[in-house]
Amino acid sequence: MNDRTSLPARLIARAVDGCQQIPYGLIAFLARFSIAAVFWKSGQTKVEGLAIDLVSGTFEPGLPRLAASTVPLFTEEYRVPLLPPELAAQLAAFAEHLFPVLILAGLATRFSALALLGMTLVIQLFVYPGAYPTHGIWAACLLLLIARGPGAFSLDRLIARRHGYDRHPGI
């Protein structure tokens, strides 16, 4: 900036420069944690025999099985097209546990985010079309992870470094 730049323009430029100093790894970790929590908590409502909530400190290990209310939920409310409710319930419960764990660890992050984005689109289009503000936030987090990767604090990053593929800082 030159000396003739106005004070408001200089202040705005400083603010923008300050915002650009936020490490992508921190942004990506927050996106990973947040989106993983959304899907994990949803998955936990579909199963019995396993209860884990890192935030509340709940840890009840066990063999998960579908809760009695899960198939009726897919039969009466969710009604996912092309899949029988029993299969849709099993797939959703499995996906809502597997992909959040992978995303939280930063392992196969882009693939896992893509899978959850697919689930989000199905939910938006066929289950809760009026919930587009919520699903838009989910999609934004997932697209960030797909496009830019899991960031520095991830297993993907460690694996990439080990194999000499560290060209992209987001990995």
Side-chain angles (χ1 to χ4, degrees), residues 15-67 70 73 78 80 88-163 165-171:
V16 169
D17 289 345
C19 290
Q20 291 176 337
Q21 298 307 310
I22 300 170
Y24 175 72
L26 177 64
I27 297 166
F29 181 76
L30 181 59
R32 287 179 16 228
F33 178 83
S34 300
I35 202 67
V38 167
F39 282 92
W40 178 267
K41 287 178 103 31
S42 177
Q44 288 281 273
T45 67
K46 294 174 179 70
V47 299
E48 306 172 329
L50 172 71
I52 300 172
D53 187 329
L54 298 176
V55 175
S56 72
T58 303
F59 185 72
E60 297 172 19
L63 188 61
R65 63 193 173 285
L66 283 184
T70 303
L73 186 65
Y78 292 173
V80 178
Q90 289 281 352
L91 290 174
F94 178 75
E96 288 178 331
H97 283 89
L98 173 65
F99 296 123
V101 167
L102 291 173
I103 283 178
L104 188 59
L107 181 62
T109 305
R110 285 184 162 104
F111 169 76
S112 299
L114 187 60
L116 292 182
L117 181 61
M119 281 187 72
T120 300
L121 291 174
V122 168
I123 295 165
Q124 173 59 41
L125 294 173
F126 301 111
V127 181
Y128 295 123
Y132 58 88
T134 298
H135 300 146
I137 292 168
W138 298 357
C141 286
L142 293 164
L143 285 169
L144 173 76
L145 296 172
I146 292 166
R148 297 277 314 272
F153 312 112
S154 66
L155 292 176
D156 286 342
R157 180 72 175 265
L158 291 174
I159 292 167
R161 279 188 174 172
R162 174 123 169 94
H163 294 283
Y165 183 80
D166 202 16
R167 296 187 317 227
H168 304 287
I171 294 297

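None of the values given here were measured: they were computed from a predicted structure.
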S.K.: Carefully, step by step, assess R148 and I27 under the rule side chain to side chain contact (heavy atoms under 4.5 Å, CB included).
M.R.: CA-CA 11 Å; R148 297 277 314 272; I27 297 166; over 6 Å; no

S.K.: Which heavy atom of K41 sits nearest a heavy atom of D53, and at what distance?
M.R.: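 That would be NZ-OD2, 2.8 Å.
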
S.K.: Do any N or O atoms from the side chain of T120 and from the backbone of L116 form a donor-acceptor pair under 3.5 angstrom?
M.R.: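 Yes.
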
S.K.: Measure the spacing between OH of Y128 and OG1 of T134 and express it to the nearest 0.5 Å.
M.R.: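 Between atom OH of Y128 and atom OG1 of T134 there are 11.5 Å.
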
S.K.: Over all heavy atoms of both residues, which pair between A28 and P150 is shortest? Give the atoms and the distance, please.
M.R.: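 Closest approach of A28 to P150, heavy atoms only: CB-O, 3.2 Å.
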
S.K.: Set out, in order, the CA-CA distance, both residues' side-chain angles and the distance that settles side chain to side chain contact (heavy atoms under 4.5 Å, CB included) for Y24 and L144, then state yes or no.
M.R.: CA-CA 11 Å; Y24 175 72; L144 173 76; 3.9 Å; yes

S.K.: Out of curiosity, L104 CG to I35 CD1, how far, rounded to the nearest 0.5 Å?
M.R.: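 If I round to the nearest 0.5 Å, the distance is 12.0 Å.
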
S.K.: Counting only N and O atoms by type, is there a donor-acceptor contact under 3.5 Å from the side chain of E96 to the main-chain atoms of W40?
M.R.: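 Side chain of E96 to backbone of W40: no pair is present.
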
S.K.: State, yes or no, whether a side-chain contact exists between E48 and P64 at a heavy-atom distance under 4.5 Å.
M.R.: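 With C-beta onward as the side chain, the pair stays apart.
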
S.K.: Let me confirm one number: the CG-NZ distance from L73 to K46, rounded to the nearest 0.5 Å.
M.R.: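 Separation between the atoms: 7.0 Å.
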
S.K.: Is there a donor-acceptor pair closer than 3.5 Å between any side-chain N or O of T109 and the backbone N or O of G149?
M.R.: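 Pair absent, no side-chain N/O of T109 close to backbone of G149.
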
S.K.: Using modelled atom types only, decide if a donor and an acceptor are shared between the side chain of R32 and the backbone of G151 within a distance under 3.5 Å.
M.R.: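 Not at all, since once roles are kept as given, no pair shorter than 3.5 Å links the two residues.
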
S.K.: For L155, which residues count as a side chain to side chain contact (heavy atoms under 4.5 Å, CB included) partner, sequence neighbours excluded?
M.R.: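 Applying side chain to side chain contact (heavy atoms under 4.5 Å, CB included) to L155 gives A105, L107, L158.
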
S.K.: Just verifying a value: how many Å separate L117 CG and S112 OG, rounded to the nearest 0.5 Å?
M.R.: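 Spacing of CG (L117) from OG (S112) equals 12.5 Å.
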
S.K.: Can you name the closest pair of heavy atoms from F153 and G25 and give their distance?
M.R.: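 Shortest heavy-atom separation between F153 and G25 comes out as CD1-O, 3.7 Å.
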
S.K.: Restricting to non-hydrogen atoms, name the atom on T45 and the atom on A67 that form the minimum distance, rounded to 0.1 Å.
M.R.: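 Answer, listing the atom of T45 first, then A67: O-CB, 4.4 Å.
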
S.K.: Can you run down the ring pair (Phe, Tyr, Trp, His ring centres under 6.0 Å) pairs that involve residues 105-125, sequence neighbours left out, and say none if there aren't any?
M.R.: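 Pairs touching residues 105-125 that pass the test: F99-F111.
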
S.K.: Decide if atom OH of Y132 counts as having more than 12 heavy atoms of other residues, nucleotides or ligands within a radius under 6.0 Å.
M.R.: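 At most 12 heavy atoms, drawn from other residues, nucleotides or ligands, come within 6.0 Å of this atom.
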
S.K.: With rounding to the nearest 0.5 angstrom, report the CG to CG distance, L143 to L114.
M.R.: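 Here the rounded value is 9.0 Å.
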
S.K.: For a quick test of reading the model, state the closest non-hydrogen atom pair linking L145 to A113 and the distance between them.
M.R.: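 Distance-wise, the nearest heavy atoms are CB-CB, 4.1 Å.
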
S.K.: What verdict does the side chain to side chain contact (heavy atoms under 4.5 Å, CB included) test give for Y78 and V127, after you've listed the backbone C-alpha separation in whole Å, the side-chain angles of each residue and the deciding distance to 0.1 Å?
M.R.: CA-CA 5 Å; Y78 292 173; V127 181; 3.6 Å; yes

S.K.: Of all heavy-atom pairs between H97 and A93, which one has the smallest distance, and what is that distance?
M.R.: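 Closest heavy-atom pair between H97 and A93: ND1-O, 2.7 Å.
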
S.K.: Roughly how far, to the nearest 0.5 Å, is the CZ atom of R157 from the CD1 atom of I159?
M.R.: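 Those atoms lie 13.0 Å apart.
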
